Amino acid sequence: MQPLSPGQVRDVAEVFRLLGEPNRLRIVLACLERACTVGEIGEALGLSQSLTSHHLRLLRTARILRAVRHGRHVAYAIDDDHVRDVLRNMLAHLTEPHEHGHHTHDEEPEP
């Protein structure tokens, strides 16, 4: 892999910063398998339409989600397979058994 330029490092950090906000991460995860409308996302996550729209705008600008028009309705979907793969890999990492001598944050490391 080629070293990243300082600008590229900032861009990657910004994507992770956006995903580090719990409501934005929940929105992205809600759109992981299928496109969802603002109303569907807000209702599923208990967020107001204005807050949901604000987060969606940020996620679209960062190319994490994209708008998909279905007639008069707009739904939001993961922008591309790269984003989907990163999220699926992170979820798999966090849910796999920890058998490699690593401790979880609930356990104290052995001296």
Side-chain angles (χ1 to χ4, degrees):
M1 182 175 163
Q2 294 289 330
L4 298 177
S5 72
Q8 290 169 317
V9 170
R10 278 191 303 277
D11 291 345
V12 172
E14 177 64 11
V15 167
F16 283 113
R17 186 190 69 77
L18 286 169
L19 292 174
E21 199 285 324
N23 284 326
R24 282 194 289 267
L25 181 58
R26 291 170 60 216
I27 289 169
V28 171
L29 293 174
C31 300
L32 193 58
E33 300 302 329
R34 68 176 188 87
C36 299
T37 66
V38 175
E40 290 171 331
I41 295 167
E43 186 175 324
L45 303 180
L47 302 173
S48 70
Q49 185 165 341
S50 63
L51 182 59
T52 303
S53 294
H54 169 72
H55 287 312
L56 287 168
R57 192 168 33 260
L58 295 172
L59 294 166
R60 282 182 57 201
T61 300
R63 295 179 32 227
I64 297 168
L65 295 180
R66 62 184 163 85
V68 181
R69 184 162 292 283
H70 296 287
R72 293 182 294 138
H73 301 284
V74 176
Y76 294 86
I78 299 296
D79 189 59
D80 63 31
D81 286 337
H82 296 107
V83 173
R84 184 176 284 107
D85 291 346
V86 166
L87 291 166
R88 285 182 178 159
N89 286 332
M90 184 54 69
L91 293 171
H93 169 72
L94 292 173
T95 58
E96 72 184 2
H98 292 68
E99 299 175 6
H100 306 313
H102 298 277
H103 63 277
T104 65
H105 55 82
D106 293 334
E107 300 170 350
E108 290 297 317
E110 294 184 23

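Note: hydrogens, waters and symmetry copies are ignored here, and every other heavy atom, side chains too, is used. Everything quoted here is computed from the prediction, not taken from an experiment.
The neighbour count for E43 CD, taken as heavy atoms of other residues, nucleotides or ligands under 6.0 Å away, does not exceed 12. Residue Q49 qualifies as open at atom CD: its count of foreign heavy atoms under 6.0 Å is 12 or below.
Under a hydrophobic clustering in which Ile, Leu, Val, Met, Phe, Trp and Tyr are joined whenever their side-chain heavy atoms come within less than 4.5 Å, directly or via other members, V9 and V12 fall into the same cluster. If you chain together hydrophobic residues whose side chains sit under 4.5 Å apart, V68 and L59 never meet in one group. L58 and V28 fall within a single hydrophobic cluster, where Ile, Leu, Val, Met, Phe, Trp and Tyr side chains are chained together by heavy-atom contacts under 4.5 Å. F16 and L25 fall into different hydrophobic clusters, defined by Ile, Leu, Val, Met, Phe, Trp and Tyr side-chain heavy atoms under 4.5 Å apart, directly or through other members.
For the pair V86/V15, no side-chain contact is recorded, criterion being any heavy-atom separation below 4.5 Å from C-beta on. With a 4.5 Å cut-off on side-chain heavy atoms, L91 and L29 count as touching. Counting only heavy atoms from C-beta outward, the side chains of R34 and E40 approach each other to under 4.5 Å. In this structure, the side chains of R24 and L19 stay at 4.5 Å or more apart for every pair of heavy atoms. Residues L56 and I27 have side chains in contact (heavy-atom distance under 4.5 Å, counting atoms from C-beta outward). Using a 4.5 Å heavy-atom threshold, the side chains of V74 and T37 count as separate.
Closest approach of Q8 to P3, counting heavy atoms only: OE1-O, 4.3 Å. Y76 and C31 get closest at one heavy-atom pair: O-SG, 3.5 Å. Smallest separation of non-hydrogen atoms from A30 and C36: O-SG, 3.4 Å.
Once rounded to the nearest 0.5 Å, the distance linking CZ of R63 with CG of L65 reads 12.5 Å. The structure places NE2 of H55 at 6.5 Å from CG of L47, a figure rounded to the nearest 0.5 Å. Separation of atoms CG (D79) and CZ (R66) is listed at 6.5 Å; rounding is to 0.5 Å.
Side-chain atoms of D80 come within 3.5 Å of backbone N or O of V83 as a donor-acceptor pair.
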Side chain to side chain contact (heavy atoms under 4.5 Å, CB included) assessment of R84 paired with D81: CA-CA 5 Å; R84 184 176 284 107; D81 286 337; 2.9 Å; yes

